[in-house]
Amino acid sequence: MAIYSTGDGMKPQAQTDDDAWNRQAEAIFKQWAARAEITRRFSFEECQHLVCRGLDVDGEYFVMKVRDRNDWPRLQLIEAHRIGDPSLPFESQDGVIVDAYGAPIAYRLRLDDESTRNVPANAMMHIYEPENASALRSAPTLQHSILNVQDSIELLALEKHAVKANSDAANVITRDAEGLSGDDLASRLSGAADDDPTDPASLQRIIGGKTISLRPGEKFEAFESKRPSPTFMGFYDALLRDSSAGMLPYEFVSDPSKVGGAATRLVVAKADRRFSYRQMILIKRFLVPVWGYVIGNAIDRGLLAPKKGWNLVSWVTPRRVTVDAGREAQQNRADVETGLKTLSDHYAELGMDFREELERRAADAAAIVEAAERYGVPVSMLWKPSGTQVVAEQNDNSIG
């Protein structure tokens, strides 16, 4: 989930009507994002990944807006177990203090010494996927899978132990006890007789190529293990499928070998919808507030001029997952050429910044024209070279 939702990090695009201001704001944010976390251990892209993982493990994540010793804005990552009210359970609801309308006004942060302090709601970002309107906290996405995962681990460990125990037995002797009775039967079964050929010590002296002497009714056979059985593997597979229910499709996460054709496209489409929803949660509850915090600070410090709409921003998400990359790329080219899709939408689906790509294309085009003029060669020889076109131009030059 974290790899496909955040990838190498979602990138901001300022949305004012001043392109120069937008590029300057994005450059300031990029410089800040290199060490966004208060301990300076994590970049902003790594923070996105950690928060996305925390939503699946804990169901929610808290990020507090703080300042470092130089009064620069930083982020403090707070895991879900740090928000609570162990000593005064009636002053908050699971660590969330609300007003008369149910809106959070503060979060109770548990410190290492078991004391608490209240953090104003405007300084705390609570990132979670809401499931109902009355809930102030969120349960882990994996809540329904925990017992199944534990059972799967235990069953697999026991089955592995059984397979090892069965593998230890290479051969087996079976005997027919018919006709034996009394002391003779007891001594034969116990292997107490000195001349009993089924005694383990006697068997260890038997090597390949030797003739094994067996008593009447005994058979010497290679042992064939029945573990793990197809029934067990089907049961184990059912546990894994149930564990992934409500999250990503099992075929996408674990085993895509049993689906094909239209079913594969359906599975990928369902996974893509799930990634898109997680990206929306991260953008609305985490990324947009962080942009306002960092760019607002830059304006206050005089690093950026005040600009109408400075808080408006869009985010470039990672490249969307697809099953038909070649066919979709061809269709995208056709849509762009016919005007059914804009270049900005095309680059956004690829996880690229539209303005950065335009700058690169313009720089490449200028370099091609400059090189053609410097060496006196046609531009067509450097850009989209075609043998027929080059020959035609050479003939034209020779005629002239």
Side-chain angles (χ1 to χ4, degrees), residues 6-38 40 42-49 63 65-68 70-75 122 125 279-280 282-320 332-333 335-337 339-374 379 382-383:
T6 62
D8 55 354
M10 289 180 270
K11 305 297 191 298
Q13 286 184 330
Q15 297 297 308
T16 69
D17 55 0
D18 188 343
D19 289 338
W21 190 95
N22 292 340
R23 289 193 296 269
Q24 186 180 3
E26 292 167 7
I28 291 176
F29 190 88
K30 183 178 181 180
Q31 183 179 5
W32 170 87
R35 289 293 182 268
E37 199 255 345
I38 186 62
R40 304 183 67 83
F42 306 117
S43 66
F44 187 54
E45 292 77 15
E46 291 171 327
C47 291
Q48 296 176 30
H49 186 87
V63 181
K65 304 171 187 176
V66 296
R67 300 265 180 172
D68 61 13
N70 297 321
D71 201 36
W72 287 99
R74 300 294 174 192
L75 303 177
N122 58 2
M125 290 174 285
Q279 291 168 354
M280 183 272 293
L282 293 175
I283 289 173
K284 297 296 183 182
R285 296 181 175 270
F286 180 34
L287 304 185
V288 171
V290 170
W291 171 268
Y293 184 45
V294 174
I295 300 303
N297 175 81
I299 294 176
D300 288 341
R301 288 176 173 266
L303 302 177
L304 278 172
K307 178 67 63 174
K308 182 179 180 180
W310 64 270
N311 60 324
L312 301 179
V313 61
S314 62
W315 295 86
V316 178
T317 57
R319 177 179 298 186
R320 295 179 58 182
N332 280 335
R333 287 194 295 269
D335 291 342
V336 171
E337 290 175 358
L340 297 177
K341 178 184 290 186
T342 63
L343 272 175
S344 58
D345 291 338
H346 171 69
Y347 284 122
E349 291 180 358
L350 298 179
M352 301 178 181
D353 185 275
F354 174 61
R355 286 193 295 269
E356 288 183 2
E357 295 304 317
L358 285 185
E359 293 287 342
R360 292 176 58 186
R361 292 181 63 179
D364 292 345
I368 292 174
V369 173
E370 180 183 355
E373 294 177 352
R374 183 186 311 120
V379 174
L382 304 177
W383 173 251

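In this text the structure is predicted, and so the values were computed from the model without any measurement. Only heavy atoms go into these numbers, but all of them, side chains included; no hydrogens, no water, no symmetry mates.
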Taking all heavy atoms of [X] and all of [Y], pick out the closest pair and write down the distance.
| X | Y | value |
| --- | --- | --- |
| Asp8 | Glu45 | O-CG, 3.3 Å |
| Ala25 | Trp291 | CB-CH2, 4.0 Å |
| Glu37 | Cys47 | CB-SG, 4.1 Å |
| Arg74 | Tyr293 | O-CE2, 3.7 Å |
| Asn297 | Asp71 | OD1-O, 4.2 Å |
| Ser314 | Gln15 | OG-NE2, 2.8 Å |

Let me confirm one number: the [atom1]-[atom2] distance from [X] to [Y], rounded to the nearest 0.5 Å.
| X | Y | atom1 | atom2 | value |
| --- | --- | --- | --- | --- |
| Trp310 | Ile299 | CH2 | CD1 | 5.5 Å |
| Thr317 | Leu282 | OG1 | CG | 11.0 Å |
| Ile28 | Leu303 | CD1 | CG | 5.0 Å |

Would you find a donor on one side and an acceptor on the other, under 3.5 Å apart, between the side chain of [X] and the backbone of [Y]?
| X | Y | answer |
| --- | --- | --- |
| Asn22 | Asp18 | yes |
| Glu26 | Arg23 | no |
| Gln48 | Met10 | yes |
| Trp21 | Ala14 | no |
| Asp68 | Asn70 | yes |
| Lys307 | Ala305 | no |

Less than 4.5 Å apart, side chain to side chain, heavy atoms only: is that true for [X] and [Y]?
| X | Y | answer |
| --- | --- | --- |
| Asn311 | Ile295 | no |
| Lys30 | Lys11 | no |
| Val63 | Phe286 | yes |
| Lys65 | Met125 | yes |

### Task
Over 60° means perpendicular and under 30° means parallel, so classify the ring planes of Phe44 and Phe29, tilted if in between.
perpendicular
### Message
Looking at Arg361, I want to see if its CZ is surrounded by more than 12 non-hydrogen atoms of other residues, nucleotides or ligands under 6.0 Å.
### Response
no
